[in-house]
Peer 1: 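Here it is, the structure, as structure tokens.
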Amino acid sequence: MIKITDITKTYGSGDTAFQALKGVSFTIEDGEFIAIMGPSGSGKSTLMHMLGCLDTPTTGTYFLDDKDVSTLTDEELADIRRLHIGFVFQSFNLLPRTTVMRNVMLPLVYAGVAEAEREKRSKDALFSAGMTESHFSHMSNQLSGGQIQRVAIARALVNNPTLILADEPTGNLDTKTGEIVLGTFQKLNKEHGRTIILITHEHDVAEYAERIITLRDGVIVSDSKSHAQRYAKHYEI
Amino acid sequence: MKFNDITHETYTALMANKVRSGLTILGIVIGISSVIAMVSIGTGASNSISSSIESLGSNLIQISPGAEQMRGFGATSGRGNAKTLTNDDAKAIALEVPNVKAVDSQVSSRYQITAKGTNTNTSVTGVTANYPQIRNIEVAEGSFISDTQNNSALRVAVLGPTTRDDLFGENAYVIGKSIRINKLEFKVVGVTVAKGGTGFQNQDDIIYIPVRSAQQYLSGDQYLTTIAVQASTSEMMTEVQADITALLLDRHKIKDPTQADFSVLNQNDILSTASSVTSTLTYLLAAIGGISLLVGGIGIMNMMLTTVTERTREIGLRKAIGARKSDISTQFLIEAVALTLIGGVIGIALGWLISYIVNLTGLLTTSVSLSSVLLAFGVSAVTGIVFGYYPARRAASLSPIDALRYE
């Protein structure tokens with residue numbers, strides 16, 4: 001469960017200070033599929049960094065699984081990211097010149113998981129993300145855009161995180177491929193009960209989620225259910 | 001991160017840019033191999049100088065006529081011409097100075113030598129029967145000059161092997177044959193064992209005759225050109241040297257030691273002077289190698305800084321998925337150390353090869369010591385750590401957000 005209370009983030013100080021988040025609060029239950037929307041400059045990237053434990057808030061609290069992570073040091077944040085959070089980025093998700101398998105394994109490598117266990121878990125994750133075994137030994141630069149994103153999803157899954165955080169995961173994809181990737185997220189949410197937070201500025205993409213939080217100028221302007229059922233027919237991949 | 005994973009990451013990273021990694025390694029190879037080769041050449045030179053000084057004899061003290069103008073090596077013009085040492089001086093040293101094992105009186109000069117149809121110009125040295133013991137000379141054929149031959153001033157000669165070859169042809173049997181020194185006939189009674197041509201004088205191109213014969217037939221006076229004294233032990237040399245100086249000053253009635261009309265040279269002095277010269281030479285050579293190693297190290301740092309910049313987004317990604325600072329810094333540090341160690345191993349092999357080739361040319365007997373190999377290896381590892389540390393720290397301290405956004 002994620003619970004953030006009155007989060008603010010101020011960059012700089014004095015006259016040049018800029019407040020990117022001006023008091024944001026919400027709770028996300030396990031198994032929810034949430035989209036965070038907003039135009040650029042709305043503070044959604046800053047919020048994503050907070051949720052992803054890449055940064056700490058200036059004020060406010062952030063509880064991830066009942067643990068207060070808003071006051072942790074850089075090294076402690078790295079531990080949280082390694083064990084509790086999976087990331088999917090818009091671009092540069094995979095290490096170049098590295099096999100699909102190795103890329104997916106990487107979080108387990110940093111977690112010090114034994115080699116046999118790594119392989120098994122990585123395969124499971126890759127299957128869950130809809131990849132086929134023939135691609136496992138491919139180099140990351142031999143993959144298509146959609147495949148790259150699905151490998152990134154597999155990597156985000158592999159350490160069995162509390163939260164999967166996707167930052168504009170379809171931003172670089174064409175509509176059809178984007179639908180396949182978003183379908184993968186939906187499937188993981190529905191069938192495996194994963195908590196997923198999708199950051200996007202596109203309405204169509206946000207509609208894949210069950211709940212949409214909209215930010216503008218550092219504050220939440222709406223927090224409502226989406227019409228996800230309308231897109232149920234796109235689930236199949 | 002486990003050892004296997006670090007090795008895997010390092011291999012992938014270095015193979016990603018083979019040419020750049022190769023050139024960086026080349027810098028270290030040149031540095032390490034020049035240190036190894038230079039030190040081995042320096043050591044070889046030092047050894048060959050020491051051994052040629054030692055081959056002159058053991059525990060040797062040489063007294064020469066004329067004032068000592070410079071200690072050790074240096075201009076000694078005119079010293080050989082002074083006539084101040086006599087047979088009686090030599091006799092007095094043998095009788096009065098304690099801890100003396102043997103004394104040899106010598107008269108040395110160059111003459112034209114002729115044998116049947118051939119001739120050569122070489123050094124003719126009048127010596128006593130003590131000479132072989134003092135100067136580590138061995139006789140290959142026949143016998144050396146005896147006391148009896150010396151006391152009777154017989155016209156006999158012992159040839160060095162080079163002189164024998166020059167006069168009679170290679171490895172000819174010459175015992176009993178005649179040669180003419182300064183037109184006087186001498187009978188060959190022996191040939192010495194070859195000692196090799198290295199050193200300050202060629203001990204193979206020489207003719208030995210009894211010292212009394214040399215004085216009587218060749219120089220025509222009672223003076224000596226050298227008195228060679230062998231001390232009983234190495235530790236006694238300084239004391240024996242002082243005693244000889246005191247005795248000769250007294251015999252020559254000289255009050256002021258700076259006005260001495262002779263000079264006493266201790267073999268240990270020559271050795272230490274020579275070894276200080278050669279070790280300076282070795283340091284100089286090692287310093288040249290060290291400079292190339294430093295340049296190689298800067299090459300490593302340059303490459304690592306470029307790599308860190310190029311891979312900023314990769315570092316950001318790694319951090320986002322949970323890499324600790326220490327994981328990142330270890331990864332980059334090991335990359336730098338791997339470059340230097342690979343360079344170090346190749347460099348040691350190359351340095352060894354250079355040293356071996358110098359050996360084959362016969363100019364020097366070089367030796368690669370284990371300590372110089374260990375030193376080079378240690379230095380290469382330290383170079384990697386020192387020059388890899390800054391880039392690695394820079395990589396580790398990147399903020400994941402900034403790193404991910406880096407374009």
Side-chain angles (χ1 to χ4, degrees), chain A residues 9 11 20 45-46 48-50 52-56 73-99 101-115 118 139-141 152 154-159 161 164-165 167, chain B residues 1-22 303 306-335 338 392-407:
Chain A
K9 182 70 184 180
Y11 292 107
S45 290
T46 308
M48 203 261 324
H49 294 153
M50 302 293 150
C53 290
L54 291 166
D55 206 352
T56 49
T73 63
D74 284 353
E75 289 300 272
E76 289 166 326
L77 289 177
D79 293 339
I80 298 285
R81 291 198 294 274
R82 187 167 58 250
L83 301 173
H84 299 284
I85 296 169
F87 282 98
V88 180
F89 298 103
Q90 179 177 357
S91 60
F92 202 82
N93 264 306
L94 304 184
L95 295 184
R97 302 174 301 269
T98 308
T99 63
M101 199 67 182
R102 185 76 196 168
N103 263 293
V104 175
M105 272 184 195
L106 208 53
L108 303 177
V109 168
Y110 286 122
V113 173
E115 226 150 305
R118 274 183 209 166
M139 289 293 169
S140 57
N141 42 348
R155 190 191 55 212
L157 283 173
V158 80
N159 56 352
I164 294 174
L165 209 49
D167 184 14
Chain B
M1 253 174 128
K2 292 177 180 167
F3 179 75
N4 267 353
D5 298 316
I6 294 175
T7 323
H8 183 273
E9 297 283 353
T10 306
Y11 178 78
T12 313
L14 296 185
M15 292 308 281
N17 209 327
K18 293 190 195 71
V19 175
R20 190 163 66 190
S21 304
M303 167 174 170
T306 313
T307 305
V308 168
T309 310
E310 272 180 0
R311 286 156 69 189
T312 300
R313 296 190 74 179
E314 178 193 324
I315 295 164
L317 180 65
R318 285 175 185 276
K319 287 196 148 189
I321 62 175
R324 296 175 206 85
K325 271 188 180 179
S326 59
D327 291 327
I328 303 290
S329 60
T330 308
Q331 185 187 337
F332 282 90
L333 196 56
I334 296 293
E335 264 184 57
R393 234 193 57 161
R394 200 151 116 168
S397 59
L398 282 172
S399 136
I401 304 167
D402 295 341
L404 280 170
R405 279 186 185 152
Y406 183 85
E407 292 295 334

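In what follows, every chain begins at residue 1, and chains take the letters A, B, ... in the order their sequences are listed. Worth saying up front: this structure is predicted, and the values here are computed from it rather than measured. Quick note: numbers below take in every heavy atom, side chains included, and nothing from hydrogens, waters or symmetry partners.
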Peer 1: About how many Å separate NZ of B:K319 and OH of A:Y110, when rounded to the nearest 0.5 Å?
Peer 2: 10.5 Å
Peer 1: Which atoms form the tightest heavy-atom contact between B:R313 and A:S91, and what is the distance?
Peer 2: NH2-OG, 3.4 Å
Peer 1: Under 4.5 Å heavy-atom distance to chain B, tell me which part of A:I85 shows up: side chain, backbone, both or neither.
Peer 2: neither
Peer 1: Heavy-atom cut-off 4.5 Å, strictly under: side chain, backbone, both or neither for A:A152 against chain B?
Peer 2: neither
Peer 1: Drop me the distance from B:L317's CG to A:N103's CG, to the nearest 0.5 angstrom.
Peer 2: 8.0 Å
Peer 1: Sort A:V113 into side chain, backbone, both or neither according to what part of it lies under 4.5 angstrom from a heavy atom of chain B.
Peer 2: backbone
Peer 1: Looking only at heavy atoms, which two atoms of B:A323 and A:A78 are closest? And how far apart?
Peer 2: O-CB, 3.9 Å
Peer 1: Output the distance between atom OG1 (A:T98) and atom NE2 (B:H8), rounded to the nearest 0.5 Å.
Peer 2: 7.5 Å
Peer 1: Output yes when A:D74 and B:R324 qualify as a salt bridge under the 4.0 Å nitrogen-oxygen rule, no when they do not.
Peer 2: no
Peer 1: Please report the closest heavy-atom contact between B:P400 and A:L54, naming both atoms and the distance.
Peer 2: CB-CD2, 3.8 Å
Peer 1: In chain order, what residues pass the side-chain contact (heavy atoms from CB on, under 4.5 Å) check against B:Y11, with sequence neighbours excluded?
Peer 2: B:M15
Peer 1: Compare every heavy atom of B:I321 with every heavy atom of A:R155, then report the nearest pair and how far apart it is.
Peer 2: NE-CG2, 3.7 Å
Peer 1: Does any pair with a residue in residues 3-15 of chain B pass salt bridge (charged side-chain N to carboxylate O under 4.0 Å, His left out), and if so which ones, sequence neighbours excluded?
Peer 2: A:R102-B:D5, A:R102-B:E9, A:R118-B:D5, B:E9-B:R318
Peer 1: Less than 4.5 Å to any heavy atom of chain B: does that hold for the side chain of A:F92, its backbone, both, or neither?
Peer 2: both
Peer 1: Looking at every non-hydrogen atom in both residues, tell me the closest pair between B:A320 and A:F89 and how far apart they are.
Peer 2: CB-CZ, 3.7 Å
